[in-house]
Amino acid sequence: MPTEQKPALRVGMVGYAFMGAAHSHAWRNAHRFFDLPLTPELTAIAGRNRSAVDHAAQKMGWASTETDWRALIERDDIDLIDICTPGNTHAEIAIAALQAGKHVLCEKPLANSVPEAQEMTEVAAEAARNGVFAMCGYSYRRTPALALAQRMVAEGRLGTIRQVRAQYLQDWLSDENAPLTWRMDKTKSGSGALGDIGAHSIDAAQFVTGLNITGVSALLETFTKERPVSGELVGLGGHGEVTADTEMGPVTVDDAALFTARFDGGAIGIFEATRTALGRKNANRLEVNGTLGSVAFDFEDMNFLQYYDGTDTEDVRGFHRIMVTEPVHPYVGNWWPAGHGLGYEHGFTHQVVDLVNALGNKTQPTPSFSEALRVQRVLAAVEKSAANNSQWTTTNQEETP
Ligand code: SOE
């Protein structure tokens, strides 16, 4: 029985590094495992270096290339712009795309500052009134175990939320000779571990609990103040040989961020984001404690959710290790039989699934730019607190249109 031909969603992607590869995989596969109202087409990919973007298009399956993102926006055969570039370019590209009537998927964090994020949110709100939608790519909330945790909290199975414990631990900058890349340049990345991985923890904590952070006390640390200038634009870590005549450049962002937080609703939290936790590769961890139960997640064991049900009878009370691979669990039914597991790339595919379903239904995909702006306000409050001797700093969570 041939499948019904669905309208195309013609995608133009900007950028082709790690996130470009993950998003390309998602655009190629989402409609092959999920029944979607629109069929994504990898129409064009943009990158400044002609030979590199041609190679990326061939490798990742894009039909054409551009060497200027503005050309993507001018093309009338593109319906959505997917922004997979460093944070200093997000605002300009997203605003131009939305004002040209293109839907937008923008990688996290939304921007490198609250004013930029605010302008993006206002333009996105106006565009949405015309049926043009924008979403920010906090993909971890689409890991089945975290989506299950959110469902359990929303169903009241943890009771009133009291505490949140979030750690995002990596170690790719433990080597002092790892080369300088855009991720260590504040003018490009906005911040270091804080905005790169701490933003994921902030979004996941707010998504799972349904509560928003209202204030923080923070400290930031940069252990390695300068690194070998490598000329590499991308890459995580690596080892640069440093000799007497190696050109060194300044690191202008944090290696590690620590902060405590208060949430609306009375919960409190503690957050850690670091690129120097030697031995931890991608330990994106979240624990939520409520009055009736607790959940705990570690991305390095991503197919499982730990759950303590405080209403169990005393003889069986203890943390259950739920294997989140049953058809009843979020997203999993479209993949493999129970026990076969999913990986990092599936969060990006689920992100495309939810985005395309929202666009097909002409509804606002989440997280919206307005939700991503709330993460940006927390990032800004952390930086302000850290710059003022860890002084308590509010996030001014006033709603933006
Ligand atoms: C580097 O820290 C990084 O690639 C992040 O930028 C991603 O958002 C995260 O998913 C994996 O690690």
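Numbering of ligands and ligand atoms starts at 1, following listing order.
Counting only residues at least two apart or in different chains, salt bridge (charged side-chain N to carboxylate O under 4.0 Å, His left out) contacts with residues 131-153 comprise Arg141-Asp203, Arg141-Glu371, Arg142-Asp354. Listed by first and then second residue, the side-chain hydrogen bond (donor to acceptor under 3.5 Å, both in side chains) pairs involving residues 32-46 are Lys6-Asp35 (not counting sequence neighbours).
Aromatic ring centroids of Phe319 and Tyr307 lie 6.0 Å or more apart.
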### Message
Pair Tyr308, His320 - check ring pair (Phe, Tyr, Trp, His ring centres under 6.0 Å), show working.
### Response
CA-CA 6 Å; Tyr308 183 96; His320 308 286; 7.9 Å; no
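Scanning all protein heavy atoms for the shortest distance to atom 12 (O) of ligand 1 gives Gln170 NE2, 3.0 Å. Taking atom 1 (C) of ligand 1 as the reference point, the nearest protein heavy-atom neighbour is Asp196 OD2, 3.2 Å. For atom 4 (O) of ligand 1, the closest heavy atom belonging to the protein is Phe18 CE2, 3.1 Å.
Here is the list of ligand 1 atoms found below 4.0 Å of a heavy atom in Tyr344: 9 (C), 10 (O), 11 (C). Shown in contact with Tyr140 at under 4.0 Å from a heavy atom are these atoms of ligand 1, numbered in order with element: 9 (C), 10 (O), 11 (C). Heavy-atom contacts of Tyr168 reach the following atoms of ligand 1: 9 (C), 10 (O), 11 (C) (cutoff under 4.0 Å). Close approach of ligand 1 to Ile197 (heavy-atom distance below 4.0 Å) involves ligand atoms 2 (O).
Within the 4.0 Å heavy-atom criterion, the part of Lys108 lying near ligand 1 is the side chain and not the backbone. At a heavy-atom distance under 4.0 Å, no atom of Tyr138 approaches ligand 1.
Nearest to atom 8 (O) of ligand 1 by heavy-atom distance, out of Arg275, Arg183, His200, is His200.
Residues Thr393 and Phe259 have side chains not in contact (no heavy-atom distance under 4.5 Å, counting atoms from C-beta outward).
Taking the six-membered ring where the residue is Trp, Tyr138 and His200 present perpendicular rings, their angle passing 60° and hence far from 30°. Taking the six-membered ring for Trp and thresholds of 30 and 60 degrees, Tyr140 and Phe299 have ring planes more than 60 degrees apart, a perpendicular arrangement.
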